[in-house]
Amino acid sequence: MGGRAANHKLRRHRKDRPISLDPTFEKVGFRETRPDPIKVKVAQPYSGSVILASTEEEEENSGQWTLYFKLYCFLDVQSVPKEGVEFAFMFEQAHESLTSGHFPAPEDTLQHLAALRLQYQHGDFAKVSWSLETVYPVQRLKNKILQATKTSSGSSGQTLERRRTSFLEGTLKRSFKVGSMKKQKMEEEQMMEMWVKEELSAARTSIAEKWSRLYGMSQHQAMLNYMAIVIEWPGYGSTLFDVEYKEGGFPNDLWLGVSAENVSVYKRGEPKPLETFQYEHIIFFGAPQPNTFKITVDDREMFFETTQVGEITKIMRAYINMIVKKRCSVKSVTSQDSQFNSWASWCDVICTKYGNNTSGSDQRRKLEDDDKEPEPSEEPLN
């Protein structure tokens, strides 16, 4: 589909919707990128069926490429109709966040959500084939086990703590035995592998048991119950990015959460932010060098290491443009309200920094032009 025509269809669909921007992404395996427009031959929005042009070498080496829509900005998640396509998008994206380890919740909650997903996919409990990786954050559990072997304290569950103690005791006993370091390392790796298998098996059994309790629940109700739990997290609506901080003041492994109202810093895996920064206080953000994201809040500079600098910058710009559009509309230019004047000054600064060096009024005119319906594309759709 031609770029202009696709953009025209998406703009018509999302006009006056509480969730904004539905860009396409492409994925092969676990690798996700923005698509090359030249590769896309046909993309029917929301049909779930796409055709990508790819070389034989790409297909042989990388597997099947898929093109899909992903929510980009969350503006008012509470107003999304439960029967609409946007809510279904929210559900799918929330589940993808969970399986990738980007939803902070206790183990029992994660297992309950996995059971709801199985009820949504397969209906009532039955002996069907299902993969734990598709409903549960397997890598999160593996990371917790790895971390448990490195520290003598933590917030692991009782079972995990007991197995951690057993593992450490076994390692200590082996250290007194006569044998090569290589052999000891192999034994430790084997024990770790067995430990992981035991924990994953226990998680699968618990999820299946929880699934069996959902007998009679409809597919739609399973989705509603799933989202009701997800939305309870105060940070829902934020896009979480894995970042590292090496300057002190924060733990090393962090999440940077970008939402419509603010940017928050989380200890990775924790539900409560360490700090939250309102956009009004952010005077700079960008990439001073590759894989380094800089954010300046008032007089404070912070540098985060991440491979997702471009995505963080784009989503922050998108939210700021929406704030500019909402707060600095032409209708309010003549307002004498002090709060508005403060916002207008901030908008002018932000527009100058991040709006291609345009003034606030120029940016407002640009945003108004963007709202106008584009002329239908003359590009062929096939």
Q) Hey, what's the ring geometry for Trp211 with Trp130, parallel, tilted or perpendicular (30° and 60° as the breaks)? A) perpendicular
Under 3.5 Å, sequence neighbours excluded: what are the donor-acceptor pairs made by side chains of residues 295-303?
from, atom 1, to, atom 2, distance (Å)
Asp298, OD1, His281, ND1, 3.4
Arg300, NH1, Glu275, OE1, 2.9
Arg300, NH1, Glu275, OE2, 3.0
Arg300, NH2, Glu275, OE2, 2.8
Glu301, OE2, Lys294, NZ, 3.2

Q | Expected output: side-chain Gln111 to main-chain Ser206 donor-acceptor under 3.5 Å | A | no
**Q.** For Ala260 against Ile323, the heavy-atom pair lying closest together
**A.** O-CD1, 3.9 Å
Q) Okay, side chain of Tyr226, backbone of His112: is any donor-acceptor separation there less than 3.5 Å? A) no
Q: Kindly determine whether Phe277 and Val265 satisfy side-chain contact (heavy atoms from CB on, under 4.5 Å), including the steps that lead there.
A: CA-CA 9 Å; Phe277 309 112; Val265 177; 3.9 Å; yes
Q: Establish whether Leu118 and Tyr215 are linked, either directly or via other cluster members, by ILVMFWY side-chain heavy-atom contacts under 4.5 Å.
A: no
Q.
Are Leu146 and Leu254 linked, directly or through intermediate hydrophobic residues, by side-chain heavy-atom contacts shorter than 4.5 Å (ILVMFWY only)?
A. yes
**Q.** Straight-line distance of Arg204 CZ to Ser131 OG, nearest 0.5 Å
**A.** 7.5 Å
Q | Step-by-step side-chain contact (heavy atoms from CB on, under 4.5 Å) determination, Met316 to Ile282 | A | CA-CA 11 Å; Met316 286 184 66; Ile282 298 175; 4.1 Å; yes
Q | Residues which pass salt bridge (Lys or Arg N to Asp or Glu O under 4.0 Å) with Glu193, listed by chain and number, not counting sequence neighbours | A | Lys197
Q. Relative to the ring of Trp233, is the ring of Tyr266 parallel (under 30°), tilted (30 to 60°) or perpendicular (over 60°)?
A. tilted
Q: Using the salt bridge (Lys or Arg N to Asp or Glu O under 4.0 Å) rule, collect all pairs that involve residues 102-113, keeping only residues at least two apart or in two chains.
A: Glu107-Arg140, Asp108-Lys210
Q) Below 4.5 Å, heavy atoms only, C-beta onward: do Val263 and Leu256 meet side chain to side chain? A) yes
Q: Might you point out which heavy atoms bring Gly286 and Pro288 nearest each other, and give the distance in Å?
A: O-CD, 3.5 Å
Q: Give a yes or no on whether the backbone of Ser264 and the side-chain of Thr276 come within a donor-acceptor separation of less than 3.5 Å.
A: no
**Q.** Nearest heavy-atom neighbours spanning Thr306 and Ile312
**A.** CG2-CD1, 4.0 Å
Q: Keeping the roles fixed (side chain from Gln119, backbone from Met217), state whether a donor-acceptor pair exists under 3.5 Å.
A: yes
Q) Taking the inter-plane angle between the rings of Phe304 and Tyr245 on a 0 to 90° scale, is it parallel (under 30°), tilted (30 to 60°) or perpendicular (over 60°)? A) tilted
Q. Would you say the side chain of Phe285 lies within less than 4.5 Å of the side chain of Val258, judging by non-hydrogen atoms?
A. no
**Q.** Beyond-backbone contact of Asn225 with Ile229, side-chain heavy atoms, under 4.5 angstrom
**A.** no
**Q.** Main-chain N/O of Val243 paired to Arg268 side chain as donor or acceptor, under 3.5 Å
**A.** yes
Q) How about Ile231 and Gln78: do any of their side-chain heavy atoms sit closer than 4.5 Å? A) yes
(Q) Rounded to the nearest 0.5 Å, what separates atom CG in Leu200 from atom CG in Leu132? (A) 6.0 Å
Q. Met186, Val196: one ILVMFWY side-chain cluster at the under-4.5 Å cut-off?
A. no
Q) Under the 3.5 angstrom rule, does the side chain of Ser259 hit a backbone N or O of Asn262 as a donor-acceptor pair? A) yes
Q. Does the side chain of Tyr136 reach to within under 4.5 Å of the side chain of Leu113, using non-hydrogen atoms?
A. no
Q | Heavy-atom check, side chain of Lys82 versus side chain of Met223, under 4.5 Å | A | no
Q: Would you give the length of the straight line joining atom NE2 of His95 to atom CZ of Arg117, rounded to the nearest 0.5 angstrom?
A: 4.0 Å
Q.
For Glu305, is there any backbone N or O sitting under 3.5 Å from a side-chain donor or acceptor partner on Asn291?
A. no
Q. Can you find a pair of side-chain heavy atoms, one from Pro104 and one from Trp255, that are under 4.5 Å apart?
A. yes
Q: Please examine the side chains of Thr239 and His102, heavy atoms only from C-beta on, and report whether any two atoms are closer than 4.5 Å.
A: no
Q) Where is the tightest heavy-atom contact between Asp124 and Gly216, given as atom of each residue plus distance? A) OD1-N, 2.7 Å
(Q) As a quick check of understanding, evaluate side-chain contact (heavy atoms from CB on, under 4.5 Å) for Phe103 and Leu240, giving each step before the final call. (A) CA-CA 9 Å; Phe103 180 68; Leu240 299 179; over 6 Å; no
Q: Would you kindly say whether His220 and Ser218 are connected by a side-chain donor-acceptor distance under 3.5 Å?
A: no
Q) What's the spacing between Gln219 CD and Leu116 CG if we round to 0.5 Å? A) 12.5 Å
Q | Rounded distance [0.5 Å steps], CD in Glu133 versus CD in Gln139 | A | 10.0 Å
Q: Enter the distance from Thr313:OG1 to Arg317:CZ here, rounded to the nearest 0.5 Å.
A: 6.0 Å
